[in-house]
Amino acid sequence: MTAALFDRIAIIGIGLIGSSIARAARQQGLAKHIAIADISEEVRKVAAELKLGDSCHAEPGAAVRDADLTLVCVPIGAYAEVGQAIAPHLKSGSILSDVGSVKQAVLRDLGPLVPDHVHFIPGHPIAGTEHSGPAAGFAELFEGRWTILTPLPGWDEAAAAKLSEFWTRMGAMVETMEPMHHDQVLAITSHLPHLIAYTIVGTATGLEEHTQREVIKFSASGFRDFTRIAASNPIMWRDIFLNNREAVLEMLGRFSEDLTALQRAIRWGEGEKLEDWFTRTRAVRRSIIDAKQA
Ligand code: NAP
């Protein structure tokens, strides 16, 4: 184990992502003191039982006091509230980052509250599961996965390098991206697939009862994969769609056009068109496997 990167880190929101960071940071010896905070008493109780932090706080402000790195790990809809609570207590020269899935909304809600003496470097680990809460996290979650940092103009290179090192020592690969570009990319790679899963599983639940029973019984085919995605955290996903509205609607428009094209191909028996399409998409899967992101 190498030297600690930070004396004290604060993790606000100790659910799936926050608790995974706490575990990985502990395992890698990245901080001498891990302070955690969560709004939920039940979550704090579980986090204490799991010994996720060296100190556990109900007030986010108390957790961030003296922290050299603060990581906001709550649903996007709670950012403004958390920002108000922590801003007056952030240490001068410290780093404020986060894990939120939509970056322009983070800049909008947190940005104006961050004091000038704090290095604000938003981030997003492209890693997760359909589970939530402190018990669902695990230290290996970020291994071999990308974390995207979306720094602001004039960012402090040394602070960004330190934050990058924090992520790489947890096993992640780090890349930087413009916030708007991030939101567009994630709209197609993550947000739209979740919307499709939520739709298809919702459609199945609207079927007549006897068909519904068979859907569950024979779900070994494609449907099962959709149910896993559609089991994801409802609050988190509500907030993602409300806060990445434009990019999601843009991708949804393109998707609808392509769906209509495939619908026509099926209607008119255009087998070649379907085969070409499916051959192209098969190649995408292969490139994801080659990139070790499968
Ligand atoms: P989670 O398991 O539900 O954890 C979030 C935690 O934050 C919960 O314990 C929640 O408590 C707490 N919280 C809510 N409002 C709070 C407040 N005002 N102050 C303090 N704590 C508060 O969610 P998660 O999956 O870790 O997601 C957290 C963030 O990571 C989200 O912004 C999400 O976009 C991002 N993210 C998620 C994934 C993923 O796959 N899950 C991947 C990458 C990034 P309650 O349960 O009582 O509300």
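For ligands, and for the atoms within them, numbers begin at 1 and follow the listed sequence. Values below: all heavy atoms of this structure, side chains included; hydrogens, waters and symmetry mates excluded.
The contact set between ligand 1 and Ala78, taken as ligand atoms under 4.0 Å from a residue heavy atom, comprises 15 (N), 18 (N). The contact set between ligand 1 and Glu81, taken as ligand atoms under 4.0 Å from a residue heavy atom, comprises 18 (N). Heavy-atom proximity to Gly15, at under 4.0 Å, picks out these atoms of ligand 1: 1 (P), 2 (O), 4 (O), 6 (C), 26 (O). The atoms of ligand 1 that sit less than 4.0 Å from any heavy atom of Pro125 are 43 (C). Residue Ser40 has at least one heavy-atom neighbour below 4.0 Å for each of these atoms of ligand 1: 47 (O). For ligand 1, the atoms sitting less than 4.0 Å from at least one non-hydrogen atom of Gly100 are 32 (O), numbered in the order shown with element in parentheses. Taking every non-hydrogen atom of Val99 and a distance limit under 4.0 Å, the qualifying atoms of ligand 1 come out as 29 (C), 30 (O), 35 (C), 36 (N), 44 (C). Atoms of ligand 1 found under 4.0 Å from any heavy atom of His124, numbered from 1 in the order shown, are 43 (C), 44 (C).
In this structure, Ala37 falls outside the shell of residues with a heavy atom less than 4.0 angstrom from ligand 1. Residue contacts with ligand 1: Thr129 is included, with a non-hydrogen atom under 4.0 Å away. Residue contact check for ligand 1: Ala127 places a non-hydrogen atom closer than 4.0 Å to it.
To the nearest 0.5 angstrom, Phe166 atom CZ is 8.5 Å from Phe142 atom CZ. Between Asn244 atom CG and Glu250 atom CD the span is 11.5 Å, to the nearest 0.5 Å. The NE2 atom of His57 sits 10.5 Å away from the CZ atom of Arg44 when rounded to the nearest 0.5 Å.
Checked against a 3.5 angstrom limit, the closest N/O atoms of Asn233 and ligand 1 fall inside it. Annotation: His131 places no N or O atom under 3.5 Å from an N or O atom of ligand 1; distance criterion only. Residue contacts with ligand 1: Leu16 is placed with a nitrogen or oxygen under 3.5 Å of a nitrogen or oxygen of the ligand (distance criterion only). Polar contact check, Gly133 against ligand 1: a nitrogen or oxygen pair lies under 3.5 Å apart. Residue Tyr79 places no N or O, backbone or side chain, under 3.5 Å from any N or O of ligand 1. The distance criterion of under 3.5 Å between nitrogen or oxygen atoms is not met by Ile12 with respect to ligand 1. For ligand 1, none of its N or O atoms has an N or O atom of Ile240 under 3.5 Å away. Of the N or O atoms in Ile17, one or more lie within a sub-3.5 Å distance of an N or O in ligand 1.
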Kindly determine whether Asp239 and Tyr79 satisfy side chain to side chain donor-acceptor pair (under 3.5 Å), including the steps that lead there. CA-CA 11 Å; Asp239 287 357; Tyr79 268 59; over 6 Å; no
Side chain to side chain donor-acceptor pair (under 3.5 Å), that's the test. Do Arg264 and Thr260 meet it? Break it down for me. CA-CA 6 Å; Arg264 281 181 66 87; Thr260 305; over 6 Å; no
Show your working on side chain to side chain contact (heavy atoms under 4.5 Å, CB included) between Ile148 and Ile126 and close with a plain yes or no. CA-CA 7 Å; Ile148 299 175; Ile126 312 298; 3.9 Å; yes
Working for side chain to side chain donor-acceptor pair (under 3.5 Å), residues Arg238 and Asn233: CA-CA 9 Å; Arg238 176 202 66 191; Asn233 186 332; over 6 Å; no
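In this structure, the protein non-hydrogen atom closest to atom 14 (C) of ligand 1 is Pro75 CD, 3.7 Å. From the protein, the heavy atom lying nearest to atom 34 (O) of ligand 1 is Ser101 OG, 2.6 Å. For atom 28 (C) of ligand 1, the closest heavy atom belonging to the protein is Cys73 O, 3.3 Å. For atom 16 (C) of ligand 1, the closest non-hydrogen atom of the protein is Ile39 CG2, 3.6 Å. For atom 29 (C) of ligand 1, the closest non-hydrogen atom of the protein is Val74 O, 3.6 Å. Remark: minimum distance from atom 37 (C) of ligand 1 to any protein heavy atom is reached at Met236 CE, 3.4 Å. In terms of protein heavy-atom proximity, atom 40 (O) of ligand 1 is nearest to Gly128 CA, 3.3 Å.
Checking Thr150 against His124 by side-chain atom types alone, no donor-acceptor pair falls below 3.5 Å. A donor-acceptor pair shorter than 3.5 Å cannot be found between the side chains of Thr281 and Arg285.
With a 4.0 Å cut-off on non-hydrogen atoms, Ser132 touches ligand 1 through its backbone as well as its side chain. Residue contacts with ligand 1 for Val82 involve side-chain atoms from C-beta outward but no N, CA, C or O (heavy atoms, distance under 4.0 Å). Of the heavy atoms in Glu42, none comes closer than 4.0 Å to ligand 1. Residue contacts with ligand 1, taken as heavy atom pairs separated by less than 4.0 Å, involve Val43 solely via side-chain atoms from C-beta onward.
Between Leu52 and Arg23, the closest side-chain pair of non-hydrogen atoms falls below 4.5 Å. Contact annotation: the side chain of Ile86 approaches that of Val72 to within less than 4.5 Å [non-hydrogen atoms, C-beta and beyond]. At a threshold of 4.5 Å between non-hydrogen side-chain atoms, the residues Arg286 and Arg282 count as touching. Under the 4.5 Å side-chain criterion, counting only non-hydrogen atoms from C-beta, Arg26 is in contact with Asp54. Contact of the Thr129 side chain with the Phe138 side chain is registered, since non-hydrogen atoms from C-beta on lie closer than 4.5 Å. Annotation: side chain of Leu149 is in contact with side chain of Leu163 (closest heavy-atom distance under 4.5 Å).
By the neighbour-count criterion of 12 heavy atoms within 6.0 Å, atom CD of Glu143 is densely surrounded, having more than that number from other residues, nucleotides or ligands.
One option in Leu71, Asp38, Ile36, Ile14 has a heavy atom closer to atom 11 (O) of ligand 1 than any other, and that option is Asp38.
With ring centers used as reference points, His191 lies under 6.0 Å from Trp237.
In this structure, Lys162 satisfies the cation-pi test against Phe6, with its NZ or CZ atom closer than 6.0 Å to the six-membered ring centre and inside 45 degrees of the ring normal.
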